[in-house]
Amino acid sequence: MTTLPVRRPAVDRLRAEIERNARRARNGIKLAAGVDRPGVGLTPKDVIWRHGRTELWRYRNDDVRYRPPLLIVFSLVTRSYVLDLTPGNSFVERLRAAGFDVYLLDWGTPDERDAANRLEDYVDDAIPAAIKHVRRRSGAAEVNLLGYCFGGVLALLHAAHNPSSPLRSLTVMATPVDFAELGALGAAFKATNLDVESGLGDDGNVSPEVMLQAFRSLTPMGELTQLVSLLERLWNDEYVAGHRAMTGWATDHIPFPGATARQTVQMLLRDNGLMTGQVVLGGDPVRVSDITVPFLSVLGTRDHIIPPAAAAPALDLVGSADKRELRLEGGHVGLVVGRTASKTTVPTIIEFLRERSEPSMSLNRSR
């Protein structure tokens, strides 16, 4: 009797499938038990200024090669660690490795003490104070300012209302300016029968649960689609870790200060104030056309939260002579996390900043 040899490729495929099944079982148990969650926001940093719940962070860097420093302004409704998600998948990490002195303004978790905070408190007080501390810490005369999502709105309003602010450049990412084009999210808030007060919690702020449900309503099938993708790739340790980090962030909302929410709904959503010039801060009309510093707008063509039509008008609104727009085939978070961010977004921002920077005279210095 002749024994036929077992083909090597068949054995290898069988062995690979057995290994995949083992990883599927292991990762499934971890997910069900909620253990071994990936660490987020791990890039080393120091708090250099505090005011209430707000903190200004400087990411440690022994190889600063460019000046002026970069100050990132984050959104008011989600956690900032999405910009420093996990090692190897971190927007901040890439900027730091490129030789920039990176700072981030984090708003913390608002509570009842923040319910009366208005846009002016962020645009005309907190951001200028952060710029002052960054300049003092770095010894630089100016800063490059970058705002993400609603942080971009705050950065735009700051630059427009404070024309003498010491900015070398302004970059906004996934930032709405035409709130009439926000689609379902904007329509919900603009509805005449919706009173902002109905979404306020006992602390006077819009509760995280309300914000979470608002974002979930934009993609009703989103969680199901993500679950299907997860089940298909449950064997892939890297994919599972990334999925856990992202889904953890996506459900980790924070309260939205009540007074700011009222201004946002009235001036930005109902009046579409950035487009119509009806934004008033501290009694002054604020016009984006007053911005004249070098300007970069980054938007995602598949962004379901801030659609391209809502973000694109920024380029025409600002008065800068030096301005450009970067459109990427990506979603809202894909601009800062994942393959698109790694291959296109971050390199383009790095190039933009380098062209408007000079070599640092204080190389290899960590403060």
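Small disclaimer: the values here were computed from a predicted structure and weren't measured. Reckoned from all heavy atoms, side chains included, excluding hydrogens, waters and symmetry mates. All residue numbers refer to positions in the sequence shown, counting from 1.
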Student: If you look at every heavy atom in Met267 and Val279, which pair is closest and at what distance?
Tutor: SD-CA, 4.0 Å

Student: Please say yes or no: joined through hydrophobic side-chain contacts below 4.5 Å, possibly via intermediate residues, are Met173 and Leu95 part of one cluster?
Tutor: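 Yes, Met173 and Leu95 fall within the same hydrophobic cluster.
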
Student: For residues Ile306 and Val73: do they belong to one hydrophobic cluster (side chain heavy atoms under 4.5 Å, members Ile, Leu, Val, Met, Phe, Trp, Tyr)?
Tutor: yes

Student: Can you tell me which residue among Thr171, Leu167, Val288, Val318 is in a side-chain contact (heavy atoms from CB on, under 4.5 Å) with Phe295?
Tutor: Val318

Student: Do Glu120 and His161 have side chains that get closer than 4.5 Å, going by heavy atoms?
Tutor: no

Student: Would you verify whether the NZ or CZ of Arg94 falls within 45 degrees of the ring axis of Phe91 while also being under 6.0 Å from that six-membered ring's centre?
Tutor: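 Verdict for Phe91: no cation-pi partner in Arg94.
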
Student: Quick one: CG on Leu145 to CG on Leu70, what's the gap to the nearest 0.5 Å?
Tutor: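 Rounded to the nearest 0.5 Å, the CG-CG separation comes to 8.0 Å.
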
Student: Please report the interatomic distance CG(Leu326) to CG(Leu315), rounded to the nearest 0.5 Å.
Tutor: 11.5 Å

Student: Applying the 4.5 Å side-chain criterion to the ILVMFWY set and letting contacts propagate, would Leu170 and Val134 be lumped into a single cluster?
Tutor: yes

Student: For a quick test of reading the model, state the closest non-hydrogen atom pair linking Arg356 to Pro294 and the distance between them.
Tutor: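 Taking Arg356 first and Pro294 second, the nearest heavy atoms are NE-CB, 3.5 Å.
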
Student: Quick one: do Leu268 and Gln263 satisfy side-chain contact (heavy atoms from CB on, under 4.5 Å)? Show the steps, please.
Tutor: CA-CA 7 Å; Leu268 300 182; Gln263 288 178 299; over 6 Å; no

Student: What are the two closest non-hydrogen atoms of Asp106 and Ser80, and how far apart are they?
Tutor: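 Closest approach of Asp106 to Ser80: OD1-OG, 2.6 Å.
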
Student: Under 3.5 Å, is there a donor-acceptor pair between the side chain of Arg50 and the main chain of Glu55?
Tutor: no

Student: Using the rule that Ile, Leu, Val, Met, Phe, Trp and Tyr join whenever any side-chain heavy atoms are under 4.5 Å apart, tell me whether Leu299 and Val82 fall into a single cluster.
Tutor: no

Student: With a 4.5 Å heavy-atom cut-off, do Ser207 and Pro255 have their side chains touching?
Tutor: no

Student: Quick one: are Phe179 and Asp271 in side-chain contact, heavy atoms under 4.5 Å?
Tutor: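 SC-SC contact between Phe179 and Asp271 ruled out.
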
Student: Is there a side-chain contact between Val177 and Pro313 (heavy atoms, below 4.5 Å)?
Tutor: yes

Student: For Gly88, is there any backbone N or O sitting under 3.5 Å from a side-chain donor or acceptor partner on Glu93?
Tutor: yes

Student: Could you go through Phe150 and Phe256, starting from their C-alpha distance and side-chain angles, then the distance that decides it, and tell me whether this counts as ring pair (Phe, Tyr, Trp, His ring centres under 6.0 Å)?
Tutor: CA-CA 11 Å; Phe150 197 80; Phe256 189 30; 5.7 Å; yes

Student: Is it the case that the side chains of Asn144 and Ser169 hold a donor-acceptor pair, with the cut-off being a distance below 3.5 Å and no angle test?
Tutor: yes

Student: Specify the closest pair of heavy atoms between Val153 and Thr175, including all atoms of both residues, with the distance to one decimal.
Tutor: N-CG2, 3.5 Å

Student: Looking only at non-hydrogen atoms, find the nearest pair between Ser297 and Ala311 and report the distance.
Tutor: OG-O, 4.3 Å

Student: Start with the C-alpha distance between Tyr103 and Val143, add both sets of side-chain angles, then the distance that settles side-chain contact (heavy atoms from CB on, under 4.5 Å), and finish with yes or no.
Tutor: CA-CA 10 Å; Tyr103 297 75; Val143 302; over 6 Å; no

Student: Just wondering, do Asn117 and Pro110 contact through their side chains at under 4.5 Å, heavy atoms?
Tutor: no

Student: Please determine which of Phe74, Tyr122, Trp57 meets the ring pair (Phe, Tyr, Trp, His ring centres under 6.0 Å) test together with Trp107.
Tutor: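 Passing option: Tyr122.
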
Student: Would His51 and Asp125 count as a side-chain contact (heavy atoms from CB on, under 4.5 Å) if you check the C-alpha gap in whole Å, the side-chain angles of each, and the deciding distance to 0.1 Å?
Tutor: CA-CA 11 Å; His51 180 70; Asp125 292 333; over 6 Å; no

Student: Which residue, Leu42, Val346, Thr43, forms the side-chain contact (heavy atoms from CB on, under 4.5 Å) with Ser90?
Tutor: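 When Leu42, Val346, Thr43 are each tested with Ser90, the side-chain contact (heavy atoms from CB on, under 4.5 Å) holds only for Thr43.
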
Student: Applying the 4.5 Å side-chain criterion to the ILVMFWY set and letting contacts propagate, would Leu353 and Val336 be lumped into a single cluster?
Tutor: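 They do share one cluster, since a chain of ILVMFWY contacts under 4.5 Å joins Leu353 to Val336.
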
Student: Side chain of Asp121, backbone of Arg118: donor and acceptor closer than 3.5 Å?
Tutor: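 Looks like yes, one N/O pair under 3.5 Å.
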
Student: Could you tell me whether the side chain of His158 and the main chain of Val123 form a donor-acceptor pair under 3.5 Å?
Tutor: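 Yes, because the side chain of His158 sits within donor-acceptor range (under 3.5 Å) of the backbone of Val123.
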
Student: Determine the minimum heavy-atom distance between Phe100 and Asn61, stating which atoms define it.
Tutor: O-ND2, 3.1 Å

Student: Only one of Arg58, Arg137, Arg67, Arg65 forms a side chain to side chain donor-acceptor pair (under 3.5 Å) with Asp101, so which one is it?
Tutor: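 Single side chain to side chain donor-acceptor pair (under 3.5 Å) partner of Asp101 among Arg58, Arg137, Arg67, Arg65: Arg58.
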
Student: If we only count heavy atoms from C-beta on, is the Leu328 to Lys343 side-chain gap below 4.5 Å?
Tutor: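 No, every pair of side-chain atoms sits at 4.5 Å or beyond.
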
Student: Leu200 versus Val206: any side-chain heavy-atom pair under 4.5 Å?
Tutor: yes

Student: Take Arg168 and Val293, measure what side-chain contact (heavy atoms from CB on, under 4.5 Å) needs, and give me the verdict at the end.
Tutor: CA-CA 7 Å; Arg168 176 71 62 87; Val293 298; over 6 Å; no

Student: Per the side-chain contact (heavy atoms from CB on, under 4.5 Å) rule, which among Leu157, Val286, Asp178 passes with Leu274?
Tutor: Leu157

Student: Atom CD1 of Ile349 and atom OG1 of Thr344: how far apart are they, to the nearest 0.5 Å?
Tutor: 11.0 Å

Student: How long is the gap from SG on Cys149 to CG on Leu335, to the nearest 0.5 Å?
Tutor: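 Interatomic distance, Cys149 SG to Leu335 CG, rounded to 0.5 Å: 10.5 Å.
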
Student: Working to the nearest 0.5 angstrom, can you tell me the gap between Leu56 CG and Leu71 CG?
Tutor: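 Going from CG on Leu56 over to CG on Leu71, the span is 6.5 Å.
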
Student: Using a 4.5 Å cut-off on heavy atoms from C-beta on, say whether the side chain of Ile131 contacts that of Pro166.
Tutor: yes

Student: So, taking the atom named CD1 in Ile254 and the one named CG in Asn205, what distance separates them when rounded to the nearest 0.5 Å?
Tutor: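 Rounded to the nearest 0.5 Å, the CD1-CG separation comes out at 10.0 Å.
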
